[in-house]
Amino acid sequence: MCPFAFQTSLWIRDVREQLGITVNWRFFSLEEINRVEGKKHPWERDWSYGWSLMRIGALLRRTDMSLVDRWYAAIGDELHTLGGKPHEPAVARKLLGDIGVDDAILDAALADPSTHDEVRAEHQHVVDAGGYGVPTLFIDGQCLFGPVLVDPPTGPAALKLWDVVLGMAELPHVYELQRPKSAADAGLIGKSLRPYLDGRDWVSINRGEVIDVDRLAGRG
């Protein structure tokens, strides 16, 4: 449900196409990490904006990682590109059909309490690693927040950014690198977020899908 995580997912897919890396999609809940004390946990609700969509993704992933890849792409395009509402059950059903999956998967995921357990366990894994938001990458077990993007680079520029990210992952005591935002940057970000702002039905906090990346060279 995070526009910045979605932009990062577009970039990492471009890198995957060029280099053949393996991308394992994992789950992280902004609803839970930003939950106000006294409010219900997302797993205590019959339907919860991002959590329920991740439960569907968890069930799809048991069959094939490529299915959750397609599911996330469809959800993201609907919300962040088209300004639609994939978090509404009727729209979620349609999107399942659009990716060639029986929409009964939605009911099966919600009826299976183990999908709650799966999402909670992966969310907790990120928290235990020091993570607090999205986009989050795990590269060879190293947890990194970012890169935070709008207009994600493609082609050679995507690979240049990949090299930067790998370099940071390989230097354990480099903790943060940030670019201050100019007025023009703020304008670009606002324009990029317009579909998301039109489609969402919640208040955002700047803190989920987590991306777990295994390089073909093997885990360290």
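For this chain, numbers begin at 1 and follow the sequence in order.
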**Message:** Does anything in residues 84-107 form a ring-ring contact (aromatic ring centres under 6.0 Å, His included)? List the pairs, not counting sequence neighbours.
**Reply:** Y49-H87, H87-W202

**Prompt:** Does Q18 have any side chain to side chain donor-acceptor pair (under 3.5 Å) partners at least two apart in sequence or in another chain, and if so, which?
**Reply:** D14

**Item:** Contacts of H80 that satisfy ring-ring contact (aromatic ring centres under 6.0 Å, His included) - sequence neighbours left out
**Value:** F6, Y196

**Main-chain N/O of P195 paired with D198 side-chain donor or acceptor, under 3.5 Å** = no

**Request:** Give a yes or no on whether L82 and F4 share a hydrophobic cluster (residues Ile, Leu, Val, Met, Phe, Trp, Tyr; joining criterion: side-chain heavy atoms under 4.5 Å apart).
**Result:** no

**Message:** I'd like to know whether L79 forms a side-chain contact (heavy atoms from CB on, under 4.5 Å) with M1, so could you lay out the CA-CA distance, the side-chain angles of the two residues, the decisive distance to 0.1 Å, and finally the verdict.
**Reply:** CA-CA 8 Å; L79 176 59; M1 309 308 287; 3.9 Å; yes

**Message:** Using a 3.5 Å distance criterion without hydrogens, assess whether the side chain of S52 forms a donor-acceptor pair with backbone atoms of S48.
**Reply:** yes

**Chi angles and distances behind the side-chain contact (heavy atoms from CB on, under 4.5 Å) call for R16, W162** = CA-CA 10 Å; R16 179 178 64 188; W162 175 243; over 6 Å; no

**Message:** Which residues pass the salt bridge (Lys or Arg N to Asp or Glu O under 4.0 Å) test with D151, not counting sequence neighbours?
**Reply:** none

**Item:** Residues that W11 engages under ring-ring contact (aromatic ring centres under 6.0 Å, His included), provided they are two or more places apart
**Value:** none

**Request:** Hey, could you give me the CE/CZ distance between M54 and F27, rounded to the nearest 0.5 Å?
**Result:** 7.5 Å

**Test log, rule side-chain contact (heavy atoms from CB on, under 4.5 Å), inputs V23 and V15** = CA-CA 10 Å; V23 176; V15 173; over 6 Å; no

**Message:** Holding to side chain to side chain donor-acceptor pair (under 3.5 Å), I want the full list of residues that pass it with T81, two or more places apart in sequence or in another chain.
**Reply:** D77

**Request:** Determine yes or no for a side-chain-to-main-chain donor-acceptor pair under 3.5 angstrom, with W71 supplying the side chain and L53 the backbone.
**Result:** yes

**Request:** Give a yes or no on whether the backbone of L110 and the side-chain of R55 come within a donor-acceptor separation of less than 3.5 Å.
**Result:** yes

**Request:** In sequence, state the C-alpha distance, the side-chain angles, and the governing distance for V119 and W43, and then conclude on side-chain contact (heavy atoms from CB on, under 4.5 Å).
**Result:** CA-CA 9 Å; V119 176; W43 57 83; over 6 Å; no

**Prompt:** Just how far is it from atom CD1 of I99 to atom CG of D69, taken to the nearest 0.5 Å?
**Reply:** 9.5 Å

**Request:** List in chain and number order the residues that pass side chain to side chain donor-acceptor pair (under 3.5 Å) with R61, two or more places apart in sequence or in another chain; answer none if no residue qualifies.
**Result:** E118, E122

**Asked** With sequence neighbours left out, which residue pairs that include part of residues 40-50 fulfil the salt bridge (charged side-chain N to carboxylate O under 4.0 Å, His left out) condition?
**Response** none

**Asked** Counting N and O atoms only, with roles assigned by atom type, does the side chain of E78 sit under 3.5 Å from a partner on the main chain of L95, one being a donor and the other an acceptor?
**Response** no

**Prompt:** Residues in side-chain contact (heavy atoms from CB on, under 4.5 Å) with V174, at least two apart?
**Reply:** M168, L171

**Request:** Sort and list the pairs that fulfil side chain to side chain donor-acceptor pair (under 3.5 Å) and have at least one residue in residues 98-113, not counting sequence neighbours.
**Result:** R62-D112, R93-D107, K94-D98, D112-S114

**Prompt:** Which distance, rounded to the nearest 0.5 Å, do you find between the CE of M65 and the CG of L67?
**Reply:** 10.5 Å

**Prompt:** So which pairs with a foot in residues 166-192 pass ring-ring contact (aromatic ring centres under 6.0 Å, His included), sequence neighbours left out?
**Reply:** none

**Prompt:** Which residues satisfy the side chain to side chain donor-acceptor pair (under 3.5 Å) test with H125, sequence neighbours excluded?
**Reply:** none

